[in-house]
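First up is the structure itself, then whatever we jot down about it.
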Amino acid sequence: MGTILIVAEIQKGVIREASFELAAFAQKLAGSGHEVKSLVVGQGVKGLAEEFAQRGGGEVLVAEAEALANYSADAFTQATLAAVAASGADLVLISNTPSGWDFAPRVAAALDAAFVTDCFDVSDEGGAIGFKRRIFNGKLDAQVKATGTVVATVQPGATPAFEGSTEGKTTDLDAGIGECKTKFVEIKIAESKGVDLTKADVIVSGGRGLGAPEKFTEVVQPLADALGGAMGASRPVVDAGWLPHEYQVGSSGQVVTPKLYIAVGISGAIQHLVGMKGSNFIVAINKDPDAPIFEVADVGVVADLFDIVPALTAAVTAAKG
Amino acid sequence: MKILVCLKQVPHSDARLDIAGDGKWIQEDNIKFEINSYDTYALEEALKLKDAGEAEVVAVSIGPDRVTQALRTALGMGADRAIHVNDPAMEGSDSLGIAKVLAAIVKEESPDLVFAGLMSEDGNFAAVPPMVAQLAGLPSSTAVMSVSLADGTVTVERELEGGALEVVQLPTPCLLAVQSGLNQVRYASLKGIMAAKKKPMDTKTAADLGVGDQVGAGAAKVEIEKVYTPPRGEGAQLIEGSADEVATQLVGKIKELGLL
Ligand SMILES: Cc1cc2nc3c(=O)[nH]c(=O)nc-3n(C[C@H](O)[C@H](O)[C@H](O)COP(=O)(O)OP(=O)(O)OC[C@H]3O[C@@H](n4cnc5c(N)ncnc54)[C@H](O)[C@@H]3O)c2cc1C
């Protein structure tokens, strides 16, 4: 059987949880005869590579170079290609993170390989690798089959991190990084402005289903006010300029865990769910009974939000007396 | 300056998603289509650069006859010409097959900039744009939230998690896959739509582009075996009734949580 290459990712000086999730998938496949190897890139990352070798990474190739100290698509693509050549890997696993989705497609194209993205399940189908992934922003799932050399990105959080210990070792890899056209300049951390949703006990979030910016002041804000809570939003609301970015809940906004989260006219795409599924109690109001938001909700109302929300605001106000 | 914009036409965000008879995709007959939302931001970014100086904007799309509508819309918004790859032999292509066709167009057109959307709203693959760049020998960046261009160097801000941004520099020619929200997308004006009727639209096949043997189901290394409604776990407890009845029950729940 073949060899799996996990490309681990270092973030803020540690190996990301998502990399140990890749290890979990790789170790599951190791059960059907695949050998597990990994790649750790960066500068001064030997210690991290040793840790990864012992926690599911198998033989870890360590590529250290100045060009790899910060993320760059070109350098990471070259290092991964060098590791594929050195390991003889026929399945490359990369996390679907902002760097993963930036360089993984380049690796696949350079290898003329099968490429599958954002998978939440990986299995050996005997001669092919099977994947499950979401399509249509979570409204449907697809089962796909990839043959030959395969590069795949995996959704962070899709499986628990590998917890066992493995006998691994590290091997230096001279990645021979050549010309890099993409150059890292700096990382800018968003300064938090007025609204800090992470401290709110109650959040009422509105999505594209609101249809117009004034509906936030007319429909969403009054319910949030009645509950003494804060207003939040899904990304399209912010993209359209209806509300500023600090209201956005999700992977590229704030991650919130209030006691009560009310999602109004939000479908429940994975990028939104990761920002709110840790809430203590979730209420979803959506007219589409198949909306994925109902999967994470404790209580759901399948109806027109413009009927339900004003009635709820009135009932909350009345209950307060 | 020449700017190429890759567009995909996808089912409208409000379209009903019924699974097709063979179980491998959705039923596409009789549903509305639109330009993939991420790609509208890509087109807008190209048109902004055109407004700010001299640029020819070329919109490219792959797909059946219905795709002419998407390209007409792009021309109506301000693109100068369009290339439509309309080729039944491409049916069943995977991301790599699509990328090979687009890379062939990039090589033929030699644009200074290629714009695409971060991902498509149907397949959610986010695969094609960097693949095109790799195959065409261009540097690329994804999830781009801002673009500034000076002396052949493009500086972009890429979106990371939690609102952080990564500043990256690339030389032209390069490919940028943009994230939603980096600009406010214009509408096609009536005048624009009238003018679009006279703008050129080329139709090509994969064979015309020299990659006829690398597309279609036969060449695909990735195959969708089936699509299905995600298994619903326990899901939510559903509350039914009139708006007032629903409100009363919800207030009961909120009281149980000690929040009222
Ligand atoms: C890299 C990346 C990062 C992202 N980050 C985020 C993020 O941080 N946060 C985020 O939210 N998204 C994020 N997204 C976008 C995400 O994929 C979805 O596009 C988005 O969450 C959809 O928002 P929505 O649910 O409001 O809109 P839609 O998916 O369009 O859903 C609207 C919903 O409203 C319902 N509706 C419409 N009218 C009514 C009515 N009258 N009554 C009741 N219901 C109604 C519809 O049934 C539908 O379910 C990100 C995407 C990417 C690729």
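Just so it is clear, the model here is predicted, and its values are computed rather than measured. Chain letters run A, B, ... following the sequence lines, proteins first and then strands; every chain starts at 1.
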Flag side-chain contact, heavy atom, 4.5 Å: A:Arg133 against B:Phe125: yes

Nearest-0.5 Å distance that lies between atom CG in B:Leu257 and atom CG in A:Asn280: 6.5 Å

B:Asp94 versus chain A, the contacting section by heavy-atom distance below 4.5 Å: neither

B:Leu160 and A:Lys188: CA distance, side-chain angles, deciding distance, side-chain contact (heavy atoms from CB on, under 4.5 Å) verdict: CA-CA 10 Å; B:Leu160 305 179; A:Lys188 289 188 187 169; over 6 Å; no

Over all atoms of both residues, closest heavy-atom pair of B:Val251 and A:Ala315: CG2-CB, 3.6 Å

Least distance between heavy atoms, B:Ala127 atom then A:Pro105 atom: O-CB, 3.4 Å

Distance, nearest 0.5 Å, that separates NZ of A:Lys320 from CG of B:Leu260: 7.5 Å

B:Leu165 vs A:Ile187 side-chain heavy atoms within contact, under 4.5 Å: no

Any residue of residues 21-32 of chain B which, by heavy atoms, sits under 4.5 Å from chain A: B:Trp25, B:Ile26

B:Glu225 CD: over 12 foreign heavy atoms closer than 6.0 Å: yes

Side chain to side chain, B:Tyr228 and A:Lys132, heavy atoms closer than 4.5 Å: yes

B:Pro230 backbone acceptor or donor facing A:Glu295 side chain under 3.5 Å: no

Salt bridge (charged side-chain N to carboxylate O under 4.0 Å, His left out) assessment of A:Glu186 paired with B:Arg158: CA-CA 11 Å; A:Glu186 60 169 330; B:Arg158 300 188 63 224; over 6 Å; no

Smallest separation among heavy atoms of A:Gly241 and B:Gln184, with atom names: N-NE2, 3.9 Å

Side chain, backbone, both or neither of B:Glu157 within contact of chain A (heavy atoms, under 4.5 Å): side chain

Basic-acidic side-chain contact under 4.0 Å: A:Asp298, B:Lys253: no

Region of A:Gln248 that comes under 4.5 Å of a non-hydrogen atom in chain B: neither

B:Arg66, CZ: over 12 other non-hydrogen atoms inside 6.0 angstrom: yes

Per-residue contact mode, A:Ala110 against chain B (heavy atom under 4.5 angstrom): both

Region of A:Ala284 in contact with chain B, defined by heavy-atom distances below 4.5 Å: neither

Worked verdict on A:Phe136 versus B:Asn124 for side-chain contact (heavy atoms from CB on, under 4.5 Å): CA-CA 7 Å; A:Phe136 289 97; B:Asn124 292 172; 5.5 Å; no

Interface residue of largest heavy-atom contact number with chain A, from B:Asp122, B:Leu170, B:Leu135, B:Ile224, under 4.5 Å: B:Asp122

Carboxylate-amine/guanidinium contact A:Asp112 B:Lys100, below 4.0 Å: yes

B:Pro129, part contacting chain A, at a heavy-atom distance under 4.5 Å: neither

For the student: nearest non-hydrogen atoms of B:Ala133 and A:Arg106, plus distance: CB-NH1, 3.5 Å

Residue among B:Val156, B:Leu138, B:Asp14 with most heavy-atom pairs under 4.5 Å to chain A: B:Leu138

B:Leu118, part contacting chain A, at a heavy-atom distance under 4.5 Å: side chain

A:Val301 and B:Leu238, any side-chain heavy atoms less than 4.5 Å apart: no

Options A:Gly130, A:Gly228, A:Ala146, ranked by heavy-atom pairs under 4.5 Å with chain B, top entry: A:Ala146

Under 3.5 Å donor-acceptor, A:Asp102 side chain and B:Thr142 backbone: yes

Closest-packed option against chain B by number of heavy-atom pairs under 4.5 Å, given A:Lys181, A:Lys145, A:Arg208: A:Lys145

Contact origin within A:Asn70 toward chain B - heavy atom pairs under 4.5 Å: neither

From A:Ser252 atom OG to B:Glu159 atom CD, the distance as rounded to the nearest 0.5 Å: 4.0 Å

Which portion of A:Val116 sits near chain B, non-hydrogen atoms under 4.5 angstrom: both

Chain A contacts, top residue of B:Ser95, B:Pro11, B:Ser180, B:Gly181 (heavy-atom pairs, under 4.5 Å): B:Ser180

Rounded distance (nearest 0.5 Å) linking atom CD1 of A:Ile135 with atom OG of B:Ser120: 10.0 Å

side-chain contact (heavy atoms from CB on, under 4.5 Å) evaluation trace for B:Ile19 with A:Leu140: CA-CA 9 Å; B:Ile19 292 166; A:Leu140 293 173; 4.3 Å; yes

Exercise: identify the closest heavy-atom pair between B:Lys221 and A:Ala113: CD-C, 3.8 Å

Worked check of salt bridge (charged side-chain N to carboxylate O under 4.0 Å, His left out) between A:Lys139 and B:Glu121: CA-CA 11 Å; A:Lys139 289 175 203 129; B:Glu121 300 250 39; over 6 Å; no

Interatomic spacing from CD in B:Glu256 to CZ in A:Phe281 - rounded to 0.5 Å: 7.5 Å

Salt bridge flag under 4.0 Å for residues A:Lys183 and B:Glu166: no

Any side-chain heavy-atom pair of A:Val185 and B:Val168 under 4.5 Å: no

Atom pair CG (A:Asp74) and OG (B:Ser140), whose distance is rounded to the nearest 0.5 Å: 7.5 Å

Atom group of A:Val202 that falls short of 4.5 Å from chain B, counting heavy atoms: side chain

Heavy-atom side-chain contact between A:Val299 and B:Leu250 under 4.5 Å: yes

Part of A:Thr77 within contact of chain B (heavy atom distance under 4.5 Å): side chain

Part of B:Ser242 within contact of chain A (heavy atom distance under 4.5 Å): neither

Student check: side-chain heavy atoms of A:Asp141 and B:Val227 closer than 4.5 Å: no

Validation row: A:Arg235, B:Gln179 side chains within 4.5 angstrom (heavy atoms): yes

Criterion side-chain contact (heavy atoms from CB on, under 4.5 Å) on B:Val222 and A:Phe131, from CA distance to verdict: CA-CA 10 Å; B:Val222 177; A:Phe131 297 95; over 6 Å; no

Under 4.5 Å from any heavy atom of chain B - which part of A:Thr147: both

Structural part of B:Ile239 lying under 4.5 Å from a heavy atom of chain A: both

Contact summary for B:Met131 and A:Ala108, nearest pair of heavy atoms: CE-CB, 3.8 Å

